[in-house]
Enquirer: 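My questions will all concern the structure given below.
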Amino acid sequence: MFIVPFLICFPLVMAFLMFVIREKKLQAAIAYIGAAVIMAGAIVLFMQWLTNGSTRISLYGSEGMVDHLILAGELALMVLVTVLCFKYRKYWICLLSIIPTLAVAYYELTGPELKAMARVRIDTLTVLMVLIIGIIGSLIVIYAIGYMDGYHKHYKDVEDRRYYFFMLLFAFLGAMFGFVMTDSLLWLILFWETTSVCSFMLIGYTRTDEAINNAFRALWMNLLGGCGLSAGVVVFGYMTQLGSISGLVYQVVQNSDVYALLAVTLIAFAALTKSAQLPFSTWLMGAMVAPTPSSALLHSATMVKAGIYILYRLSPAMGGRATGTMIALVGGFTFLMASIMAIAQTDAKKVLAFSTISNLGLMVACAGIGKKETLWAGIFLMIFHAISKSLLFQDVGATENTTHSRDIESMHGLIYRVPKLAIFMFIGIAAMFLAPFGMLVSKWSALRAAVDERDIVVALLIAFGSATTAFYWTKWLGKIISPTHNVIHSEIKDITKPGENLSLTVHAVLMIALCIVFPFLSDTLVKGIVLDTYGSYAPVIPTMVLYSLVGIVVVVFLIPLIAWRIGKERKHNVKLAYMNGINTGTNTGFIDSFGNEKQLWMSNYYFENVCGEEKIMVPSQMVAIVAVIVMICMAIGGAL
Amino acid sequence: MGKILKFAPTIIKNLFSKPVTVNYPAEPYNYPERSRGHIEIDIDNCIGCGMCTRACPPGALKVNKNAGTWTIDRFDCIACGFCVEKCPKKCLFMVPGYQEPMPGKSEVEYKKSEEQMAKEAEQKRLQAERAAAAKKAAAAKAAAAKAAAEKAAAEKAASEADSKGQPSAAKPEAEKAEEK
Amino acid sequence: MGKRSVIPYGPQHPVLPEPVHLDLVIEDEKVVEAIPNIGFVHRGLESLTEKKDWETMQYVIERTCGICSFMHGMGYITTLEKIFDCEVPDRAKYLRTVWCEFSRIHSHLLWLGLLADAFGFESLFYQCWQIREKILDMVEMTTGGRLISSVNKVGGVLKDITPEMEKVILSTIDTMEKQLLEIKDTFFEDYSVQARTKGVGVLSKEDAYELGCCGPFMRASGIATDMRKMGYCAYGDIDFEPIVSNDGDHFARCYVRMMEVFQSFDIIRQAFSKMPGGEIVLPVKGNPNGEAFVRLEQPRGEAVYYIKTSGKKNLDRFRLRTPTFANLPGLAHILKGCELSDVGLAILTIDPCISCTER
Amino acid sequence: MAEIINPADVLIDIDVTELLPKVMEFKTNGYRISQACAAYINEKYELSYSFTDLNTYEFITLRVVIDVDTEVPSISEIIPAAVFYENEMKELFGVKIKMINLDYDNKLYRINAKAPLGPKEGN
Amino acid sequence: MGKVKRSPWLLHYDGSSCNGCDIEVLACLTPVYDAERFGVMNTGDPMQADILLITGSINSQNAEVVKQLYDQMPRPKVVVAVGVCACTGGVFKECYNVYGGADTVIPVDIYVPGCAARPQSIIDGIVKAVALFQERSDEHDALRKSGKNGRGEEL
Amino acid sequence: MTITSRVICVILYIILGPLIGGLLEGIDRKIAARMQRRVGPPILQPFYDVRKLFSKQVIAVNRAQTFLLMTYFLLMVVTGAMFFAGQDILLCFFILSTAATFLYFAAVVTSSPYSSIGASRELIQMMAYEPAVILTCVGFYLASGTFYVDKIAMSDSIYLFKMPGFFLAFVFIMTIKMRKSPFDTATSHHMHQELVKGLTTEMGAGNLAMFQVTEWYENVFLLGVVALFVLNSQWWSIIAAIVLVVIVYFAEILIDNTNARLKWQQMLKITWIFTLCTAGVNLLVLMLI
Ligand code: SF4
Ligand code: SF4
Ligand code: SF4
Ligand code: SF4
Ligand code: SF4
Ligand code: SF4
Ligand code: SF4
Ligand code: SF4
């Protein structure tokens, strides 16, 4: 399977090309081609896997050479991090890189000989991840080409380092491909650290103080996770002479090996940092300073999904064990708290970020409960979330370029001002929480699975979290469709580039299509994943029901259309809005206390005093820290 | 904090008692006797002095001494009763019963009866004569006595109408005004 | 613009009893800024002194407001009496006292009802107004008008209360008192009511003093001043103490007014038990000449009447400072920081009477 | 029997320049404003600022008689509660009051007529 | 369409009234008079109202408000002027800031005199207004049926 | 349940829903009036109102409102139809919340101050009742092992005894859903509200009528859920269900008339705490046994 190394290496080659070719046009052209090739590559892999009978494929049984290369790569990363830390005088952070890397190197070079294992394993989950990364990732790259143009026109004071940006994007994709395809824990560490460092560099793109601070925050949190991962790998390796993920899971599930469980706990801890769960959510918030494509990439297809991916891999090992319970708890708690914090945000990207954290929380909870049903729900959550979040980030970015603001309050009446972007935004947001979109159904099955597992706390957290989630999305949607009350803003030219449009359209179409092929997806990919992971499959929602769901989906889609048709027939007399009898003749203002015209302004509710990030971030971090510490202590206690 | 459903006993009690609602307009309302409803005039007794017009706060009254008319705009009258207090002849009365709502505003004009006009003209003539010839004072006295008797009769009539206290006492005039 | 909304509140708004307007800046629903605007009811009736003589003016001034119409008429007449320096018969003084208290009861019951309505307690509102109707019936029985009584005259009153009427009044008051005791508990003890009134719209004693507030609004902030203590009408002979509360919130204002209704019942009973017989009006001659201030305790607080005249039929200047006018700064003060749902309630708790405020 | 407190009203004539010091003095002595009004009599403005003591029920009026053109300083800086009184005097009488705290600029009542209670223009 | 007169919804706006008529209007809705017997509902929203009750006179500031509220009401609609002030300006008609009765700014259909207008009078006024409302509604329907003015066009 | 009986149920719901809903409202208004010692409107008053509204001139601030309201209406009918066809109850509530979202849109699409604030409050109300709704479904699932309405209704036990906490929570949030005091923050049928007419401020004529009818459908659906608490395969359970529905409805009227309107903060807090204390505890008990 040549395609496997190709998918890992080609993006790296592209990254290099991006770095050397600085001529804008050429660079863009190559980037387009590269993105297309990556997308094609992902599809090719999917095809090959299908033709191979959709079964697990193991490759590269003994690759000592490559293992050493990988180790060298890790060391190189360590050096890079150390240099950067010194450059920006964040000395202590480099310790988080140096210690685990050296520990791993020491273990690698002097530790026990590992039993034979496949370095690469292609199973259904991998294929799904490759598809997500390949398709959404490349679309983001395509989008970014157009976006960065607008971005640098808008932010003149930011140095134009597009080559650097695209280099990182491609490198990121390569690392992600590697991450989801490998079964070797050692390889995993390298790809893990690579994504950490890439995201760190992406966040620092603008090189403002804020960007640099946030970048380092992201770095240390992710490196801390890296420490956990490395520690887990080392402990596991020493105790069992195994070095693969599948081996790890096997040890726990079949042998109830306490050391393996400790390793699982540590790796799960690492996943918490990567997936920006409480108490590590702040890095993802800080990542917002970077240009939007990088946010889109971090939030949808890559980075945070890496944490989720690894948790899904480990979920059989966690189900029914203390680690799983605590992970589920942290996830559920994050789901609720992040959605509450999202309420207080006006910055669209921040809302998206909190929503990402929140939804990841749900996925983490699914993984933590670790049953077939939850995995089923979790996978759907991941798919739908990846697409809609990517769509939303891109759309918010495009909107920001067009209207020069990404404040939700200033999106008032967007549908009248920039209809196209508003419609995409509408689809993206609706997909996040409204019936009939998949996110809601997945949430429903997650709830159901939690109940089946008698996990009362998670069930409660989901019940309350759904309510808060619906709140912030709905008010945003409302903002888009309410007519503008300031005339000045209404004259706006949509400057969205064709590339951006292409990417947005594909996302939106994909989103709607997935709602309809939902049952099919369930029967193929998702079923395969559950089978791969648990060896058996019992659909949470029977396929029959899924098909009837699709029927309802169609009905629910059709209803607004029918209503729209009928509504159009009706003739209306348009009247002034009610303003206590003192309109000024338009709906934009009223006569104020001094007899002058005053502009009406309606703003949404934010509950800053209750839901503000400042108010509840720290307390919820505290709770989560306690949960995480308890989890690790229990695992260590169990091991000793 | 307080108790909940504190009001429940009251409304349950209400639920099982008779409503206090008066069944107006199906059943007419009985106005108390002092009720300041509308102004009635014993026009034949009016001397057209205009005291009432000058007193009337909204200016709802018009008097034409020569034509023998007294006009009230019932859509302007605030039923204050000041004119009644001011009228030197005590020929104005405040009686219960209200002017009905109408689709248009209208004034009601009261005109002295022909005989009264004639009588007054006669009186005037007599007075003039008396002024001219002071010796005919006795005749004037007789006329004054007659006037007093008439007034008493009018008052009696008015109080009869008063005691009936029908709500639409003002209807006829209003309808009359409508027709105009 | 951030997270703030800018909206109009009034003049037409169902919670507002009368047309006033506020420019509201709210955040979520917390009021950040509230600028009041009045003038929707301004007629300019003080200028009518140029056109109407001092006797006719009484009927205009009674219509400054339909709620304490009697008090306005009486205030005007009392000021003239002060200028004339004429003595009013004792019986007239007692009669005036009774009618004053009628005004207070009907005004406070009306207010209690509207307050209930403003915090969304419709049944309670109906209950209050149902009780209130009895007062109006008694006012009509004694004066001939439900709201506007027109019974004052310089030197006394025009109508007497007959012994039969007295009997009816006393027994009606007893039933009213019983009914009111029932709803008193709801106002004072019900959880949902307390949730809306306790600790909301607090006006401290210092602020109440500083901002020139008056009436129950001020007494609810712990200042025990009541113009009736100055002994006008027959109040000098009547035993009562101003009702105060110290919390200064909506609840306290509700408490003060509710208790004042009970006090009024008591005052009416006292008045009837002490009422002398005799004349109800003494005639005066000529036109007034001079100037005088008179202060009365209206249901809403202290009203100041000022007349300046120079012996002509028309007054030189008539001036009416109404309680709501004095309470406006206090209102602006409590509006800030309250919730949008409380805006109507806050406006109500000062028991505004915009029509007399703007005249 | 309850005591009756009924002190006689006091009227003090002062010059416009004395206004602010006097008001300041009242304020420090614990009086508060009860009313303020204007009257246009004999082609002069008579401004009355009444102060009262809530315990003794005293009622003291400061009377300032000024020409139509005289400017009057606002007392709203010292006594915020006077804002609406002063706006009213300004709008209805045309008294030239300077520096009101919250100046509605003759739009408190938003009437069409200009200073209807003040000097009649053109007559 | 059938009888709409069973459901007249009121919008009450208080112009420059002295509150006298204003509170009597409110009193009509309270238990003793209970206008809801006739299906009356007091809505604060012009958009939903059928009958506009105006109390008090019109002055420089509320003229616009009254006009606007009237315009915001959907057809068919009826205006009732309650009290002498709303009919003619009453005692205040000579004040400098009073334009006069409600008919100085909008067409008034029913005049309810009285100062203050009694609840009985107001109920009489409403009953008359309801009859008028039915009439106008029939006209409205006829026009709509005739199809010349498509639904919702100016009637 | 056979297909035919399902279809019959749905058709009955579509036809009888508004009739029963309207009648209930009429009775509600009558009883409320009597509680206030008034005579009150005729029982058929709600129908008169709706008929009148449909005959009025169509006015709107924003034309889109009609389409959004119609979506709200249709989705509500779909919700109820699915419920009475014996479908998944959780799904019903999900579609219900989508319907409610469209109501929110219909209110904000005017950008008018009171309508928008009312809409925001509606959203808060949704946030307040959503957990209780979801938990009630979960409760049914735990008690009966299925989310299917028909299976729940045709079982052998009375779930009310197993899930009293959920029942209380559901009745509690019905106060919000039915726009009854003390939780009628978004809009209110009482005559004076701080938000004028709340989220219905800009709905006039036909649009308001549509809103009204949708509310009737919704109430019938909600009362159907209440009935589900006692319905089982026995014939007498139908009578028991009717009795329960009547009791609940009367309780709502009583609550409506004995409470002041709370502020949304208080509403949210009380509802969530109450939900946790009733449904949450019940959930715990059910999960443990
Ligand atoms: S009908 Fe006219 S005259 Fe009679 S009481 Fe009423 S307002 Fe006065
Ligand atoms: S005051 Fe009496 S007598 Fe004189 S005009 Fe009037 S009604 Fe006639
Ligand atoms: S009141 Fe008498 S004196 Fe004065 S103008 Fe009128 S009629 Fe003449
Ligand atoms: S009752 Fe008053 S308003 Fe009516 S006519 Fe007599 S004086 Fe004029
Ligand atoms: S009192 Fe005598 S003088 Fe005066 S108006 Fe009457 S009749 Fe004439
Ligand atoms: S406070 Fe009284 S007078 Fe003023 S509007 Fe309300 S009810 Fe009418
Ligand atoms: S305070 Fe209000 S009720 Fe009392 S007199 Fe003044 S306006 Fe009328
Ligand atoms: S008609 Fe009379 S009661 Fe009515 S508002 Fe005018 S003055 Fe007041």
Side-chain angles (χ1 to χ4, degrees), chain E residues 1-13 25-51 69 71-78 123 130 133-134 136-145 149-155, chain F residues 25-26 29-30 32-63 65-66 107 110 112-115 118 187-209 211-212:
Chain E
M1 205 182 293
K3 296 230 179 306
V4 301
K5 72 171 179 207
R6 287 178 197 269
S7 165
W9 288 4
L10 304 183
L11 170 67
H12 169 211
Y13 183 69
V25 167
L26 207 50
C28 280
L29 303 162
T30 55
V32 175
Y33 299 100
D34 190 29
E36 203 180 347
R37 284 177 294 151
F38 312 109
V40 162
M41 206 152 86
N42 184 19
T43 163
D45 184 0
M47 207 73 152
Q48 302 173 0
D50 308 310
I51 297 178
L69 292 176
D71 285 345
Q72 278 175 330
M73 286 170 59
R75 286 155 203 279
K77 53 191 165 187
V78 177
I123 287 181
V130 166
F133 174 52
Q134 176 69 52
R136 296 212 170 142
S137 172
D138 292 342
E139 279 168 33
H140 184 85
D141 287 342
L143 258 182
R144 206 157 61 192
K145 278 213 192 79
N149 291 302
R151 183 165 191 174
E153 300 280 34
E154 287 291 298
L155 168 72
Chain F
E25 196 196 317
R29 282 174 71 176
K30 193 78 185 174
R34 293 302 301 266
M35 282 174 167
Q36 296 153 351
R37 290 198 83 178
R38 297 184 289 127
V39 170
I43 288 194
L44 295 182
Q45 187 62 41
F47 298 106
Y48 301 146
D49 289 346
V50 163
R51 191 170 61 180
K52 176 206 67 184
L53 286 171
F54 273 124
S55 76
K56 292 209 80 172
Q57 183 192 28
V58 184
I59 53 169
V61 173
N62 188 333
R63 283 156 206 273
Q65 192 184 50
T66 311
T110 58
S112 123
Y114 292 95
S115 182
T187 181
S188 170
H189 50 266
H190 293 175
M191 62 180 178
H192 289 173
Q193 212 214 2
E194 63 251 21
L195 295 187
V196 188
K197 283 280 151 192
L199 93 167
T200 60
T201 303
E202 299 299 348
M203 296 174 196
N207 283 354
L208 185 64
F211 170 78
Q212 199 69 59

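Naming convention: chains lettered A, B, ... in sequence-line order (proteins, then strands); numbering from 1 in each chain. Just so it is clear, the values below take in all heavy atoms, side chains as well, and ignore hydrogens, waters and symmetry mates.
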Enquirer: Between F/Thr201, F/Leu44, F/Val39, which has the largest tally of heavy atom pairs under 4.5 Å with chain E?
Expert: F/Thr201

Enquirer: Is F/Val196 close to chain E through its backbone or its side chain, or both, or neither, when contacts mean heavy atoms under 4.5 Å?
Expert: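 The side chain, not the backbone.
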
Enquirer: Counting only N and O atoms by type, is there a donor-acceptor contact under 3.5 Å from the side chain of F/Lys197 to the main-chain atoms of E/Asp45?
Expert: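 Answer holds: no.
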
Enquirer: Looking at CG of E/Leu69 and NE2 of E/His12, how far apart are the two atoms once the value is rounded to the nearest 0.5 Å?
Expert: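 Spacing of CG (E/Leu69) from NE2 (E/His12) equals 11.5 Å.
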
Enquirer: Using heavy-atom distances under 4.5 Å, tell me whether E/Ala49 contacts chain F through its side chain, its backbone, both, or neither.
Expert: backbone

Enquirer: Yes or no on side chain to side chain contact (heavy atoms under 4.5 Å, CB included) for E/Tyr33 and E/Ile123, after CA distance, side-chain angles and deciding distance?
Expert: CA-CA 8 Å; E/Tyr33 299 100; E/Ile123 287 181; 3.9 Å; yes

Enquirer: Using a distance-only test with no angle check, is there a side-chain donor-acceptor pair under 3.5 angstrom linking F/Gln45 and E/Glu36?
Expert: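 Side chains of F/Gln45 and E/Glu36: no pair found under 3.5 Å.
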
